[in-house]
Amino acid sequence: MNDLHQQIADLESEIDDLSEAAERCRKSMIVARVAIIAGVLLVGASLSGLARTDALVLVIGIAVTLVGIGLLGSTRGSLEHITGKIRASEARRDGIIDGMSHPSAQDR
């Protein structure tokens, strides 16, 4: 029985760690979106002539936009992977808990 409690504790610890990683992914996605917006605004300002800029600002704007898009896509994939691992760990934990509350006929 103690082994089952330890397995549950280990799974809950794993779920907590994965949840923290998922939160870091969400924060990275916010940074990526801000980078995309900033890059688009730089490119727009350069091309529209609203702000007096040179070619370097245009190149920086394009680079920041592309980095933001890459970061957003990569982080989204990581978040989906982590979310799947959380669900699997929760299902294993729930299975152990259900098994403890409904012992099989062999255990009786």
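The distance from atom CD of Glu23 to atom CD1 of Ile82, rounded to the nearest 0.5 Å, is 11.0 Å. Note that NE2 of His5 is 11.0 Å distant from CD1 of Ile96, once rounded to the nearest 0.5 Å.
Residue Leu18 comes nearest to Ser89 through the heavy atom pair CD1-OG, 4.2 Å, listed as atom of the first residue, atom of the second, then distance. Of all heavy-atom pairs between Asp54 and Ser46, the closest is O-OG, 4.4 Å. Between Ser78 and Cys25, the closest heavy-atom pair is CB-SG, 4.0 Å. Nearest heavy atom pair, residue Ala22 against residue Ile86, reads CB-CD1, 4.5 Å. Residue Leu71 comes nearest to Ser28 through the heavy atom pair CD2-O, 4.0 Å, listed as atom of the first residue, atom of the second, then distance.
Hydrophobic cluster of Leu41: the remaining members, joined at side-chain heavy-atom separations below 4.5 Å, are Ile37, listed by chain and number. Clustering of Ile, Leu, Val, Met, Phe, Trp and Tyr side chains at separations under 4.5 Å places Ile62 together with Val43, Leu47, Leu58, Leu66. If you chain together ILVMFWY residues whose side-chain heavy atoms come under 4.5 Å of each other, Ile36 ends up grouped with Met29, Val40, Ile69, Leu72, Leu79.
Under the salt bridge (charged side-chain N to carboxylate O under 4.0 Å, His left out) criterion, the residue pairs touching residues 78-93 are Glu14-Arg92, with sequence neighbours excluded.
Remark: Arg24 engages no residue in a salt bridge (Lys or Arg N to Asp or Glu O under 4.0 Å) (not counting sequence neighbours). Residues passing the side-chain contact (heavy atoms from CB on, under 4.5 Å) test with Ser13, sequence neighbours excluded: Asp17.
In terms of modelled atom types and a separation under 3.5 Å, the side chain of Ser101 and the main chain of Asp98 share a donor-acceptor contact.
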